[in-house]
**Q** 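This is the structure I have questions about; it appears just below.
Order of the sequence lines fixes the chain letters, A, B, ..., with proteins taken first and strands second; residue numbering starts at 1 for each chain.
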Number of protein chains: 2
Amino acid sequence: MASDHTRTAILAAAERLYADRGFGDVTLRDIVADANVNLAAVNYHFGSKDELIAELFVTRSIATNRERLRELKAAEEQGGGIAPIEVILHALVGPTLRGCLGPENQRSTAARFMIRASIESVPPIRRIKNREIDHLRKFVGAMRRSLPDRSDVEIYWGLNFALAMAHHTIRESERLTKLSEGKCDLDDVEDVIARVVSVATMALTAGKVEMKAPARALARDAR
Amino acid sequence: MASDHTRTAILAAAERLYADRGFGDVTLRDIVADANVNLAAVNYHFGSKDELIAELFVTRSIATNRERLRELKAAEEQGGGIAPIEVILHALVGPTLRGCLGPENQRSTAARFMIRASIESVPPIRRIKNREIDHLRKFVGAMRRSLPDRSDVEIYWGLNFALAMAHHTIRESERLTKLSEGKCDLDDVEDVIARVVSVATMALTAGKVEMKAPARALARDAR
DNA sequence: GATAGTTTCATACAACTGTTTGAATTGCAA
DNA sequence: TTGCAATTCAAACAGTTGTATGAAACTATC
């Protein structure tokens, strides 16, 4: 493993091509052509095409999860083991949204790759996502500590909806821009994060102390 | 076009196989074997594989959209042209969720196919989904009438979040079940719909008449 | 500078894919 | 029945795919 040059070139080319054209129509031959390496190099260095894709996704995934946990830990330490729910949710969806959205022309290859991975769901990536549950459980724990009065079911639904809004906004950012004729500014990432956190917080706190009678009545009627 | 038997058999077999095994690893040969027809029949009756998939998806899609508009129209007529926001949202997400969720063992082939189409996003289906914007605009209109005080931006975000929660819950229903160890009952469709509608309604009405000061402060702090 | 281990390379492989072809069959109308 | 169009069929096509092979080139160690 002298210089890793080939390996690195393959990873870079693959990430860029997948980001630009999707998993569906990028072949190993496209990748090695772009990376200026031999076709057999992919199988030599990664074992298979799927393992190459998996490595790309795992790398970015780990980075996001580390950032999530860093934010969560910092918040809990500051609060003596308990963080406000909106800060927890911010740690949950912030890194993901920050990693994918932002002005399109200055979006990194990694960002565009993660968007693509979010839109097209290929088997190797699905397999990795399925192992994400343990990671999410850490947030469930933090949310339980933050909202001791809420039942587990409500915690899980809140978490589900928070992730829903974040991921769907990433997946369908183009459609939302078109539908709103540009009125929804998806380049203002912090604003998007704030919106998601705000709604998820409401979902998790509705009907308790934070919301007065009229809103509670509405929430009840809506069911 | 004597009996349409072949055509129908292909559609049924394709829908079932795609639902069970996904678009990725079902070939035309699998389909024609299951349908007991000749390989060339697919191209003869549908033109191409993609057009077969498109026809499957369009059929179910039209049914869902018709049901959505039926509910919306009924609600607006009853309210003299204006429907309560939670009823509008119910019309938006109800048919989709009802069409995909419910007890797994009694889930129709159509339901499982639509879940699959929601998870794996293949080109012919993506193309159709992109034409869905006109349909969504009708809901934007209804929401504007229902919430004349809200800005367009807020309407669009509310709509986006409502669809986000509905679609993500469908896509990740298995993961939510596993994460919550079965505590989140995804078979109780009406409960799921009520949760989505409730949160989306809060997202669209927060900070106005329905929410008192403490909640507004919280929503502000969260940003 | 010989050797052992790693990496690269051209090439072939083997299988599968959606699609097409042209002949055979069927069903219906005249 | 005859004729004509619609449908079915077996077979082949043309192209692509990821992967494997074995020799060649390189690299670092002794």
**Q** Pairing donors with acceptors under 3.5 angstrom, does anything connect the side chains of B/E67 and B/T64?
**A**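 Short answer, no.
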**Q** So does B/I62 get a backbone contact from the side chain of B/N65, meaning a donor-acceptor N/O pair under 3.5 Å?
**A**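 Not confirmed, B/N65 side chain does not pair with B/I62 backbone.
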**Q** In whole angstrom, what separates B/F46's CZ from C/dT20's P?
**A**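 Distance check: B/F46 CZ to C/dT20 P gives 16 Å.
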**Q** Test your reading of the model: is there a side-chain donor-acceptor pair from A/R21 to the backbone of A/V26, 3.5 Å cut-off?
**A**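 The answer is no, because no donor-acceptor pair under 3.5 Å joins these two groups.
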**Q** Check this one for me: any side-chain N or O of A/T6 less than 4.0 Å away from OP1 or OP2 of C/dT8?
**A**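 Affirmative; the distance criterion is met.
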**Q** Would you work out how much the helix from C/dG1-D/dC30 to C/dA30-D/dT1 bends between its ends, with each end axis defined by five base pairs, to 10 degrees?
**A**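 Here the local axes at opposite ends form an angle of 0°.
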**Q** Side chains of B/E174 and B/T177: do they bring a donor and an acceptor to under 3.5 Å?
**A**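 Looking only at side-chain atoms, B/T177 and B/E174 do not form any donor-acceptor pair under 3.5 Å.
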**Q** For residues B/T96 and B/R68, is any side-chain donor paired with an opposing acceptor at under 3.5 Å?
**A**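 The criterion, which ignores hydrogens and geometry beyond distance, is satisfied for B/R68 and B/T96.
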**Q** For a quick check, with a 4.0 angstrom heavy-atom cut-off, what is the B/S/- contact string for nucleotides 12-26 of chain D, read 5' to 3'?
**A** B----BBBBB-----
**Q** May I have the distance from A/Y44 (atom OH) to C/dA10 (atom P), rounded to whole angstrom?
**A**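 Rounding to the nearest Å, OH of A/Y44 and P of C/dA10 are 17 Å apart.
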**Q** Atom CD1 of B/I10 to atom P of C/dG18: distance rounded to whole Å?
**A**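 Distance, rounded to whole Å: 13 Å.
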**Q** Whole-Å distance between C/dT8 P and A/R7 CZ?
**A**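 After rounding, the reported distance stands at 11 Å.
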**Q** Would you say a side-chain N or O of A/H5 is under 4.0 Å from OP1 or OP2 of C/dT7?
**A**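 So the side-chain polar atoms of A/H5 never come under 4.0 Å of the phosphate oxygens OP1 or OP2 of C/dT7.
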**Q** Just checking, is any N or O donor in the side chain of A/S121 or B/R171 under 3.5 Å from an acceptor N or O on the other one?
**A**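 No, no side-chain donor-acceptor contact under 3.5 Å.
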**Q** With sequence neighbours left out, what residues match B/R175 under side chain to side chain contact (heavy atoms under 4.5 Å, CB included)?
**A**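 Result, side chain to side chain contact (heavy atoms under 4.5 Å, CB included) vs B/R175: A/E132, A/I133, A/L136, A/L163, B/H168, B/E172.
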**Q** Taking the six-membered ring for Trp, are B/F23 and B/F113 parallel (under 30°), tilted (30 to 60°) or perpendicular (over 60°)?
**A**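 Geometry flag for B/F113 against B/F23: perpendicular rings.
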